[in-house]
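Below: the structure, in structure tokens.
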Amino acid sequence: MATFLYRLGRTAFRRRWYFALIWVALLVLAGFGAATASKSTNNDFSIPGTEAQRAFDLLEKRFPGNNEQNASARIVFKAPEGQKLTDAKNKAAVEKVIGELKRSPQVAQAADPFTGQTVNQAGTTGYASAAYKVKADELTEDSRTNLKDAQQHGRDAGLTVEVGGSVLQQMPEGGSEVIGIAVSAVVLLITFGSLVAAGLPLLTAIIGVGIGVSSIAALAPLLDLSSNTSTLAMMIGLAVGIDYALFIVSRYRAELAEGREREEAAGRAVGTAGSAVVFAGLTVVIALAGLMVVNIPMLTKMGMAAAGTVTIAVLIALSLIPALLGFAGKQVLARKVRKAGPDAAGAGKPNMGTRWARFVLRKPVLVLVAGVLGLGAIAVPAASLELGLPDDGAASKSSTQRKAYDLLSEGFGPGFNGPLMVITDVADAKDRKGAAQKVGDTLKGLDNVATVTPAAFNPAGDTAILTVVPKSKPTSKDTEDLVHAIRDKGDSLKAGTGAEVLVTGATAMNIDVSQKLNDALLPYLALVVGLAFLLLMVVFRSVLVPLKAALGFLLSVIAALGAVVAVFQWGWLGSLFGVEETGPIMSMMPIFMVGVVFGLAMDYEVFLVTRMREAFVHGERPGQAVVTGFKHGARVVTAAAVIMISVFAGFIGSSEQMIKMIGFGLAIAVFFDAFVVRMAIVPAVLALLGKSAWWLPGWLAKILPNVDVEGEGLRDRLAASEAAAPKAPDADEDRELVKA
């Protein structure tokens, strides 16, 4: 592989214009596809194999025309203190709001709250439901303005008017990534001391993300991609795109410092660091693509889209970076290096990486114990992890949807915001109405039930819907227990009445998603870690190094989950991160963090330990190989980690609770893994293991392919070639020397 990548790097350097134009053309093509594609996205959950999904499918089949995907609004009214909504003045104000809402051409219907049981017993709070003809992301600005104007009419009349529902769903806010890019630019400038060298990783990462995100936008209508898919791809694509380019540019500068010609330096950089990029990218792709084992289509699509963006980042690092290095000339070197010459590049006292590695080698037990105990303490809150999916109750307290949620809880009870939809299939029942009545009576007798609505039959009379309102809030354990209690009654009800009872609705869907994700976590972990373990055995030709890498990852990801629980569930330092409301951790968070963080953690393992392996293979003692790895890799790995942390942390400012939590979780996980596990625990373990760290059974060595990641074969081949016919400086380098 190293030889192939070496040739690719030299070819891209020589044919720089062709490679640059190809990538620019791909960017333009993807941008054109995104600009001409429909803007519609699909944010609906589908969870095959669950009762909630079976009930939802039956509902769509038996109640035709019930399009749950279209936007809906719930306008909540509260009368002034001491008054009722049914007072003539207030009633007129409510009716004016509804009349104003109906004027929008995109509104299919808006129910009058006084024609149904939508005003509470005290008469102080009520709500009106409005259904739209289109999805939330297809609403026009006129429709949104119409809703705001109608809301303001009610407020002007003295009523408290708040709005909830999917009508307020917005596309994820942009701009968060700008913070990460700005921090990345500063870190790159400090690391390289050259504007050109700092700009190359940023430029190529933006091109890669532009192609990836534009492709996602172009394919979104065809593949039913959610609006969060592009945000995830951008988050991960920026981070790995900058990092991968950073490692190749850094190796290129190191080759120049050793006196290589520019084309030769580009080839060697891609042949060595590029090999590490390929395998690091593979671990990320494996982790993201492995999300399909969960069998939640939205999560699968998010993972595959992000994996595609990572693949683009790898290809750009291997081909566009050496092409741009051809245009950059000697400007990739810091000014003082260009003036002093390559021989001065390695002069001076040992760098920080060397000094740190020597410290760890002197006190490996102390460093190992401190790292493990520290992460173990942070991981403790993870034992209290509670899973759920955020609803309007987790929104900002200043938002209208949160205020609407609170008004309904106060006026109708905490369970009103999370009703359970009980679908009763009475097609095989002898007495259909009697069966539905029996189901309703049974439900009323269960604990934690506030109300049960009368059965509403479809036109065919073979299916009925009963709405059960719990006494507890949607995300509580009591509500989850009620869902299981209803399902436990299913067999006895079917035996007694012939009716099949299924529970669905947003609350039941959330419970089933959490359970499905919990059940899939261990199989997913085994699949991803197992495949990556095999891959790392091929890379490092060792059994203990991949094992250490996997165990270190588990420690960092559990510690990161502990930090997420402490901040988002317990509220510790919540105000610092903009967490206004604590609650259960998003159901997807554990399995998502396992996938993404594992892939990213292996990046640093590959980049750092590959350099150690390279030194060991070329004859250095195990301890000295660790020092050499840190001497050449610690500064760059540190910069890469800071960049990745800053990119993820930039998304903490998002108003979307899901994006905020993912940004924080990934940022803290990368911090733990890069600076505690890879930079402290890894060298301590390698120091204790010594030569046995690189042990591989003879029979296994014969089976595993030798991919030559450390470039030993490439180095021998090039050494023989240089001895036979040494090359003169190329024309580009001559011109640079004349300019200097």
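Keep in mind it's a predicted model, so treat the numbers as computed, not measured.
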Between the NZ atom in K494 and the OG1 atom in T424, the distance rounded to the nearest 0.5 Å is 12.5 Å
Applying side-chain hydrogen bond (donor to acceptor under 3.5 Å, both in side chains) to R432 and not counting sequence neighbours gives none
Heavy-atom count check: over 12 atoms from other residues, nucleotides or ligands less than 6.0 Å from E95 CD? yes
Self-check item: Short side-chain donor-acceptor distance under 3.5 Å, N90 and Q83
Solution: yes
Apply side-chain contact (heavy atoms from CB on, under 4.5 Å) to residues V528 and V594 and explain how you reach the verdict. CA-CA 9 Å; V528 171; V594 166; 5.7 Å; no
Which is it for Q109 and K102 under the side-chain contact (heavy atoms from CB on, under 4.5 Å) test, yes or no, and what are the steps along the way? CA-CA 7 Å; Q109 61 179 9; K102 290 179 178 178; over 6 Å; no
Do L387 and P590 come within less than 4.5 Å of each other through their side chains, counting heavy atoms only?
yes
Can you check whether V167's main-chain N or O pairs, donor with acceptor, with R144's side chain at less than 3.5 Å? yes
Residues pairing under ring pair (Phe, Tyr, Trp, His ring centres under 6.0 Å) where one sits in residues 415-456, two or more places apart or in two chains, turn out to be Y127-F416, F412-F416
For L139 and A71 the tightest heavy-atom approach is CD1-CB, 4.2 Å
Residues pairing under salt bridge (Lys or Arg N to Asp or Glu O under 4.0 Å) where one sits in residues 471-481, two or more places apart or in two chains, turn out to be K477-D481
- Task: Could you walk me through whether I423 and T463 pass the side-chain contact (heavy atoms from CB on, under 4.5 Å) test, one step at a time?
- Result: CA-CA 7 Å; I423 312 299; T463 309; 3.7 Å; yes
So CG of L502 and CD1 of I486: to nearest 0.5 Å the spacing works out to 11.5 Å
Could you tell me whether the side chain of V449 reaches within less than 4.5 Å of the side chain of L443, counting heavy atoms only? no
Sequence neighbours excluded, the answer for side-chain hydrogen bond (donor to acceptor under 3.5 Å, both in side chains) partners of S476 is S472, T479
The reported gap from CD in E51 to CG in L58 (rounded to nearest 0.5 angstrom) is 11.0 Å
Sorted by chain and number, sequence neighbours left out, side-chain hydrogen bond (donor to acceptor under 3.5 Å, both in side chains) with T160 holds for none
dist M593:CE -> I585:CD1 (nearest 0.5 Å) comes out at 10.0 Å
>> If you count every heavy atom of other residues, nucleotides or ligands that lies below 6.0 Å from N518 atom CG, does the total exceed 12?
In response: yes
By ring pair (Phe, Tyr, Trp, His ring centres under 6.0 Å), F77 pairs with (sequence neighbours left out) none
Correct closest heavy-atom pair for P48 and P297 would be CD-CD, 3.7 Å
In terms of heavy-atom contacts, I75 and A130 come closest through CD1-CB, 4.3 Å
inquiry  = Measuring only between side-chain heavy atoms, which start at C-beta, is T140 closer than 4.5 Å to Q106?
reply    = yes
Query - Check: T125 main-chain N/O paired with N120 side-chain donor or acceptor under 3.5 Å - result: yes
Residues passing the side-chain contact (heavy atoms from CB on, under 4.5 Å) test with T442, sequence neighbours excluded, are K438, K489, L493
Legend entry - Evaluation steps, salt bridge (charged side-chain N to carboxylate O under 4.0 Å, His left out), between D425 and R62: CA-CA 9 Å; D425 184 356; R62 299 285 179 86; 3.1 Å; yes
Q.
Do V213 and T309 make a side-chain contact, defined as non-hydrogen atoms from C-beta onward lying under 4.5 Å apart?
A. no
Taking every heavy atom of L407 against every heavy atom of K78, the minimum-distance pair comes out as CD2-CD, 3.7 Å
A435 meets the side-chain contact (heavy atoms from CB on, under 4.5 Å) criterion, sequence neighbours left out, with V426, A429, T497, A499
To the nearest 0.5 Å, atom CD of E100 lies from atom CG of L147 at 10.0 Å
- Item | Heavy-atom side-chain proximity of I465 to V422 below 4.5 angstrom | no
request  = Side-chain contact test, heavy atoms from C-beta onward, threshold under 4.5 Å: evaluate it for L482 versus P470 and give yes or no.
outcome  = yes
Next on the checklist: Less than 4.5 Å apart, side chain to side chain, heavy atoms only: is that true for Y405 and P474?
Outcome noted: yes
Between G663 and I652 the two heavy atoms that sit nearest each other are C-CG1, 4.0 Å
Distance-only donor-acceptor hits, side chain of residues 563-570, under 3.5 Å, sequence neighbours excluded:
from	atom 1	to	atom 2	distance (Å)
Q569	OE1	E386	N	3.0
Q569	NE2	S384	O	2.6

Residues 146-155 vs side chain to side chain donor-acceptor pair (under 3.5 Å), sequence neighbours excluded, gives Q151-T400, Q152-D156, R155-E162
- Is the closest side-chain heavy-atom distance between V483 and L420 below 4.5 Å? yes
### Task
Answer yes if the side chains of S409 and N417 hold a donor-acceptor pair under 3.5 Å, and no otherwise.
yes
Review point. Would you say D447 has more than 12 foreign heavy atoms packed within less than 6.0 Å of its CG?
Key: no
Residues 498-507 vs side chain to side chain donor-acceptor pair (under 3.5 Å), sequence neighbours excluded, gives none
Tightest non-hydrogen contact, residues G126 and L85, listed as N-CD1, 3.2 Å
d(K516 NZ, Q53 CD) to nearest 0.5 Å is 10.0 Å
Exercise for review: Report the C-alpha distance between L299 and L517 in whole Å, list the side-chain angles of each, state the deciding distance to 0.1 Å, and finish with yes or no for side-chain contact (heavy atoms from CB on, under 4.5 Å).
Suggested key: CA-CA 10 Å; L299 193 59; L517 288 166; 4.0 Å; yes
Residues at least two apart in sequence or cross-chain that pass ring pair (Phe, Tyr, Trp, His ring centres under 6.0 Å) with F457, listed by chain then number, are none
Report task. Using a strict 4.0 Å threshold on nitrogen-to-oxygen distance, state whether K91 and D87 make a salt bridge. Result -> no
